[in-house]
Amino acid sequence: MDFQDFLQYVPNLIPVELPATTSHIKMAPKERMQELKDLDLSTKNPRIAAVMMLFYPKNGEAHLILIVRNAYNGVHSSQIAFPGGKYELSDFDFKDTALRETNEEVGILPEKIEVVKHFTPMYIPPSNFLVHPFMGIAKEELSFYPDIREVADIIELPLSVFLDDDIITEATLSTSYAANIPVPAFNIQNHIVWGATAMILSELRDVIKTVLDKKI
């Protein structure tokens with residue numbers, strides 16, 4: 001999709017009611033579905049994190065950035081994610097966390113990003129994080145400078161591909177819930193995107209599609 005055309009839709013995204021669990025459950029492992037419905041965060045005392053769902057122009061087309069995390073001894077090793085990370089006490093708010101972490105991980109200054117919408121927080125059981133996703137817009141082409149300590153690679157995903165149902169698939173994976181189970185996922189540039197990132201992407205897709213469908 002042409003980036004300037006996409007910008008015309010952005011103001012219409014802001015008032016859209018978030019579908020939350022309705023969207024998340026589409027890309028949730030079956031073992032997580034009941035937990036999503038019954039989740040009581042007051043019993044979890046989760047750590048807080050925030051991520052940035054950043055759209056920007058590349059060759060005139062709207063793109064969304066994802067990152068490939070480095071391999072490490074942890075539950076999210078080598079997974080596909082958004083730029084983001086843990087809330088620090090020095091952060092003014094969760095939006096500030098997302099902006100700071102985006103700068104630290106991929107080198108984009110906060111002043112280059114207009115934050116347009118706060119999406120539904122996502123609880124991640126294996127790490128006990130409650131992640132706050134924010135949608136941001138950068139109106140000029142970007143050069144990314146990934147932090148090699150945290151980021152193994154960058155995925156520049158065209159919006160047109162993101163909205164294409166052909167990227168929805170099912171993969172057999174071992175999760176924190178069970179081994180070798182079928183899991184809904186996105187196949188993005190030969191990367192299998194599942195779990196929390198896929199569930200957050202699902203809500204983002206649904207909100208964008210809601211606005212685009214009204215314009216057609």
Side-chain angles (χ1 to χ4, degrees), residues 21 23-33 35-36 39 44 46-55 63-87 94 97-108 119-136 144-159 161-162 167-206:
T21 302
S23 288
H24 293 162
I25 210 164
K26 294 177 183 178
M27 301 304 292
K30 291 180 181 179
E31 290 75 12
R32 279 206 66 184
M33 290 183 180
E35 180 183 35
L36 281 171
L39 181 62
K44 304 294 185 182
R47 296 178 291 173
I48 302 298
V51 298
M52 182 63 67
M53 304 182 293
L54 177 60
F55 289 93
H63 282 67
L64 172 67
I65 181 177
L66 295 166
I67 63 172
V68 183
R69 294 218 171 273
N70 277 335
Y72 68 101
N73 185 23
V75 295
H76 302 303
S77 173
S78 301
Q79 289 186 359
I80 312 303
F82 301 101
K86 185 179 178 181
Y87 169 77
F94 302 149
T97 302
L99 289 167
R100 174 182 55 76
E101 286 282 347
T102 299
N103 184 27
E104 292 177 3
E105 291 193 337
V106 295
I108 304 303
F119 278 68
T120 304
M122 166 64 60
Y123 177 66
I124 305 177
S127 55
N128 194 35
F129 266 108
L130 182 65
V131 177
H132 291 260
F134 292 86
M135 177 181 169
F144 298 107
Y145 302 95
D147 180 348
I148 61 174
R149 296 169 300 177
E150 297 190 62
V151 180
D153 200 4
I154 285 175
I155 299 171
E156 297 189 79
L157 175 62
L159 176 59
V161 175
F162 175 49
I167 68 171
I168 299 174
T169 187
E170 185 175 81
T172 300
L173 299 169
S174 294
T175 73
S176 60
Y177 301 92
N180 298 318
I181 60 170
V183 173
F186 294 108
N187 186 341
I188 295 175
Q189 299 177 13
N190 295 318
H191 294 279
I192 296 299
V193 184
W194 64 285
T197 299
M199 294 160 72
I200 294 169
L201 281 170
S202 181
E203 184 177 56
L204 179 62
R205 266 174 52 102
D206 285 350

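What you see is a predicted model; the values in this text were computed from it and never measured.
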Are side-chain heavy atoms of Phe94 and Ile48 found at a separation under 4.5 Å?
yes
Has the side chain of Glu101 got a donor or acceptor atom that lies under 3.5 Å from a matching backbone atom of Val51?
no
Just do the side-chain contact (heavy atoms from CB on, under 4.5 Å) check on Tyr87 and His132 with the steps written out, would you?
CA-CA 10 Å; Tyr87 169 77; His132 291 260; over 6 Å; no
Would you sort out whether Thr197 and Leu201 count as a side-chain contact (heavy atoms from CB on, under 4.5 Å), showing the intermediate values?
CA-CA 6 Å; Thr197 299; Leu201 281 170; 4.1 Å; yes
Go through Ile168 and Phe186 one step at a time and tell me if the side-chain contact (heavy atoms from CB on, under 4.5 Å) criterion holds.
CA-CA 5 Å; Ile168 299 174; Phe186 294 108; 3.7 Å; yes
Taking all atoms of both residues into account, what is the closest heavy-atom pair of Lys44 and Tyr123, and its distance?
CD-OH, 3.5 Å
Show, in sequence, the C-alpha distance, side-chain angles and deciding distance for Leu99 and Asn103, and conclude whether the side-chain contact (heavy atoms from CB on, under 4.5 Å) test is met.
CA-CA 6 Å; Leu99 289 167; Asn103 184 27; over 6 Å; no
How close do Ser202 and Ser23 get, counting heavy atoms only, and between which atoms?
OG-O, 2.8 Å
Non-hydrogen atoms of Pro184 and Met27 that approach each other most closely:
CG-C, 3.5 Å
Shortest non-hydrogen contact from Phe162 to Arg205?
O-NH1, 2.6 Å
Indicate yes or no: at least one non-hydrogen side-chain atom of Phe129 is less than 4.5 angstrom from one of Arg47.
yes
Identify the heavy atoms of Ile192 and Ile80 that sit nearest to each other, and give their distance.
O-CG1, 4.2 Å
Taking every non-hydrogen atom, the tightest pair across Pro121 and Leu130:
CB-CD1, 3.8 Å
